[in-house]
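Shown next, in structure tokens, is the structure this report addresses.
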2 protein chains.
Amino acid sequence: MASAAGVSISTASKALNDTGRMGAETRERVKRIAGEIGYRPNALARGLLSKRSFTIGLLTNDTYGRFTLPVMAGISDALVDHGVSVFLCAIEDDPDLAQIHVDAMLDKQVDGIIATGKRLDRRLPVDLSNLHVPVVYAFTEGTQNSVTFRSDDEQGARLAVEWLVKIGRRRIAHITGPEDFFSVRERAGAYHQVAGHREPVLYGVWSESWGHEAIEELWKRPGEKPDALFCGNDQIARGAVDALRERGIKVPLDVSVIGFDNWEIVAAQTRPPLTTVDMELKELGRQAGLTVLALAEGRPVEPGVRKLPCRLIVRQSCGGKPPRE
Amino acid sequence: MASAAGVSISTASKALNDTGRMGAETRERVKRIAGEIGYRPNALARGLLSKRSFTIGLLTNDTYGRFTLPVMAGISDALVDHGVSVFLCAIEDDPDLAQIHVDAMLDKQVDGIIATGKRLDRRLPVDLSNLHVPVVYAFTEGTQNSVTFRSDDEQGARLAVEWLVKIGRRRIAHITGPEDFFSVRERAGAYHQVAGHREPVLYGVWSESWGHEAIEELWKRPGEKPDALFCGNDQIARGAVDALRERGIKVPLDVSVIGFDNWEIVAAQTRPPLTTVDMELKELGRQAGLTVLALAEGRPVEPGVRKLPCRLIVRQSCGGKPPRE
DNA sequence: GTGGCCTGAGAAAAGCTTTTACCAACTCTT
DNA sequence: AAGAGTTGGTAAAAGCTTTTCTCAGGCCAC
């Protein structure tokens, strides 16, 4: 205990927290000695009193996923400056496990909870709506009157298709995932708007092989072939690029291809590297973290859905312009 | 407070913890009422007294990585049964950030720390050797007298090469990552032992494009071509498979290919899906979690390096035998 | 009938920090 | 020089559990 080395016990607290009245040189001395003996206050005791644990819980059902990781990095990044740590709880769509983790977080007096997932239009398998701690949703469906952060898929898709139009492509096809995904419908909607229905939308699954198949299907059809592909994710785009290469079609010379997600490991390793749409998930996580912190501190936050803009990452699969950055 | 609804205050504690002496019906009544009002003890107060926070810290420098995620899932999986939660701290090779996180964990009285990384032969950029809490290393280089868990890369490589031999391959080449990786040398060593130096080892980088290049290099050489490839990771294997296909060489008919890591997203999406070596990282995490818990509870644990066996995942890139599981 | 023992339950302390209240001593002011 | 105000610091309470100690009452035995 710092008081042993210093002077008293409550004086030490006031010295270290720059609070209360005391002699300047006493304060300095206590601080110095505390530093020397490496004294660090016990956060448990502090939390017990202040009702703040400087801890938040992150609940995700996307264990192996590419979505949660960037979101998490953003949250952690935003909160470390405020001395807040993050409990990560992976709940594989298991309601019981989820409840266990939520209870454990509540027992540990988390200041707030962030729920995140792998899909915008699905709820986590646990009800967080009537907790006595603030809850923020990030990249997952929230409840009524909650704060929810999500990517603006419509704007992202528009970015992609407008880029293709801008570099001179006219017959743009859209190969994407299952139609029951909200994101898929939003992106397809934007595609229709911008591209003007010139080509049909091909709905499928989120895999490379579907990208392959879709190309076969498109090139089997009579008439003019597409000169650009807007793909629902990078894996589909990669499958498509590979299929085109096998047919001797040059990317980006003959066909421009654009993906979605900016999943580096796929997008950057494709030949040629994929131009794609980044959902800025780290920024999304950062904002979610800051928001849950604000709520925990009692600052008012307007409920509602916040759509964060996507960003186009230009690599080499579109041509038209040399890659930047 | 449960005591308000029940009878006293310390009696409640004893009732809920099945400790102390008291009437059976009193105990039942307290428990029932506690259940009804949804009483849950404050873990902070409990931790303050018991010196156990039921919290451990997980430190990783592999933010986006495929290694930390399974390890983490294993840890979480093993500890949730014991009521222990996990603080995840991502420290991007930044010593200052690492120190901040370690200090925060210590302040929060974690019962132990698990350090994990993306490479067996590198240390985290922070010294954890003289903490007053137990530290366990998982998939990263530990300190003297510490407990370290790692995959047995030699055994894994042997598994792979022996499989190739068993299905009748004789000219097995090894395309792998940078030679300064410990894992690379271990795997190469096992390859040499089992394959008997029939083919040279090609050292490069951990990317698909290196897999491509390596194939070009191998097929440019005069003389007999390899009939099997043992690749240092799944990405290299994928690059190699793609390069072979482009040359009209059939996998697995003409050449068997085997990868390393069992990174589903690469291995399962390759055409044909890759046979590969799984390092059982989730099991590794599970054991690390259980071990740090044992240390936290004062149970003795023998220091040293524990090598966990790898497992061969048979898919379709080798032929020889139909895929299982 | 009384002393000893057992049972059931409550009182109190401890764990560590922060905050409020308080006190002793000192310095002005008049 | 005495009262008022200021200053520097301490004592104590609160926050919530758990654990140990104590106590009151009932029962049995002698």
Side-chain angles (χ1 to χ4, degrees), chain A residues 1-35 37-55 83-85 103-111 132-133 296-297, chain B residues 1-35 37-55 83-85 103-111 132-133 296-297:
Chain A
M1 167 61 100
S3 58
V7 277
S8 72
I9 180 171
S10 50
T11 310
S13 172
K14 290 194 297 188
L16 297 176
N17 293 327
D18 278 330
T19 173
R21 293 178 321 199
M22 62 192 315
E25 112 290 353
T26 308
R27 199 182 288 276
E28 276 316 306
R29 183 162 43 89
V30 173
K31 280 185 177 177
R32 184 173 47 78
I33 296 189
I37 68 172
Y39 167 79
R40 313 214 93 229
N42 181 325
L44 261 47
R46 172 181 277 166
L48 189 56
L49 190 57
S50 69
K51 303 294 209 166
R52 287 283 317 273
S53 63
F54 289 91
T55 287
V84 174
S85 305
D103 287 345
M105 296 191 306
L106 259 20
D107 289 353
K108 283 168 180 141
Q109 314 294 115
V110 292
D111 297 334
H132 60 276
V133 297
E297 289 172 349
Chain B
M1 166 62 102
S3 58
V7 277
S8 72
I9 179 170
S10 52
T11 310
S13 172
K14 291 192 296 191
L16 297 176
N17 293 326
D18 279 329
T19 172
R21 292 178 320 198
M22 61 192 316
E25 110 291 352
T26 307
R27 199 180 288 276
E28 275 316 308
R29 185 161 44 88
V30 173
K31 280 185 177 176
R32 183 171 49 78
I33 295 188
I37 68 171
Y39 169 77
R40 313 213 93 228
N42 182 324
L44 261 47
R46 173 181 277 164
L48 188 56
L49 190 56
S50 68
K51 305 290 208 172
R52 287 282 317 276
S53 63
F54 289 91
T55 287
V84 174
S85 306
D103 287 344
M105 296 192 306
L106 259 22
D107 288 353
K108 287 176 175 133
Q109 313 293 117
V110 292
D111 296 334
H132 59 277
V133 296
E297 289 171 350

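For the numbers below, each heavy atom of this structure counts, side chains included, while hydrogens, waters and symmetry mates do not. Order of the sequence lines sets the chain letters (A, B, ...), proteins ahead of strands, with each chain counted from 1. Since this is a predicted model, take the numbers as computed values, not measurements.
Summary for the helix from C:dG1-D:dC30 to C:dT30-D:dA1: the axes at its two ends, each from 5 pairs, differ by 70° when rounded to the nearest 10 degrees.
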Got a list of protein N/O to nucleotides 20-28 of chain C N/O distances below 3.5 Å?
none

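Summarising the geometry, the separation between CG on B:Leu16 and C1' on D:dC16 is reported as 13 Å, rounded to the nearest angstrom. If you measure from atom CZ of B:Arg52 to atom P of C:dG15, you get 18 Å, rounded to the nearest angstrom. Rounded to whole angstrom, the span from the CZ atom of A:Arg27 across to the P atom of D:dT7 amounts to 13 Å. In this structure, CG of A:Leu44 is placed 13 Å from P of C:dT18, rounded to the nearest angstrom. A straight line from CD1 of B:Ile9 to P of D:dT20 spans 17 Å, rounded to a whole angstrom. Look at CD on A:Gln109: it is 14 Å from P on D:dG15, rounded to the nearest Å. A straight line from NZ of B:Lys108 to P of C:dC16 spans 19 Å, rounded to a whole angstrom. Between the C1' atom of D:dG15 and the CG atom of B:Leu48 lies a distance of 9 Å, rounded to the nearest Å.
Take the nearest nucleotide of DNA chain C for B:Met22 and for A:Leu49: the residue whose nucleotide is more 5' is B:Met22. In this structure, B:Gly23 and B:Ala45 both approach DNA chain C, and ranking their closest nucleotides by distance from the 5' end singles out B:Gly23.
Heavy atoms of B:Arg40 sit under 4.0 angstrom from primed sugar atoms or phosphate atoms, though from no base atom.
When the side-chain hydrogen bond (donor to acceptor under 3.5 Å, both in side chains) test is applied to B:Glu28, no partner is found at least two apart in sequence or on another chain. In this view, A:Thr55 satisfies the side-chain hydrogen bond (donor to acceptor under 3.5 Å, both in side chains) rule with no residue, not counting sequence neighbours. For the side-chain hydrogen bond (donor to acceptor under 3.5 Å, both in side chains) test, no residue two or more places apart in sequence or in another chain qualifies with A:Thr26. In terms of the side chain to side chain contact (heavy atoms under 4.5 Å, CB included) criterion, residue partners of B:Ala45 (sequence neighbours excluded) are, by chain and number, A:Leu48, B:Asn42.
Evaluation of the salt bridge (Lys or Arg N to Asp or Glu O under 4.0 Å) test over residues 15-25 of chain B, restricted to residues two or more places apart or in two chains, returns B:Asp18-B:Arg27, B:Asp18-B:Lys31. Applying the salt bridge (Lys or Arg N to Asp or Glu O under 4.0 Å) test to pairs two or more places apart or on separate chains, those with a residue in residues 37-46 of chain A are A:Arg40-B:Asp107.
Atom-to-atom distance recorded for B:Leu44:CG and A:Ser50:OG is 8.5 Å, nearest 0.5 angstrom. Taking CE from B:Met105 and OG from A:Ser85, the interatomic distance works out to 8.5 Å, rounded to the nearest 0.5 Å.
Distances were taken from every side-chain heavy atom of A:Lys51 (C-beta onward) to each of D:dC16, D:dG9, C:dC16; the shortest belongs to D:dC16. Comparing C:dT18, C:dG10, D:dC16 by their nearest atom to the side chain of A:Ser13 picks out C:dT18.
Using a 4.5 Å cut-off on side-chain heavy atoms (C-beta onward), A:Glu297 and A:Arg52 make contact.
Listed pair B:Asn17 / D:dT18 meets the phosphate criterion, a side-chain N or O lying under 4.0 Å from OP1 or OP2. At least one side-chain nitrogen or oxygen of A:Thr26 sits closer than 4.0 Å to the OP1 or OP2 atom of D:dG9. Dashed line: the shortest gap from a side-chain N or O of B:Tyr39 to OP1 or OP2 of D:dC16 is not under 4.0 Å. Between B:Ser8 and C:dA9 there is no side-chain N or O to OP1 or OP2 distance below 4.0 Å.
Panel note: side chain A:Lys108, backbone A:Ser53; no donor-acceptor pair is recorded below 3.5 Å.
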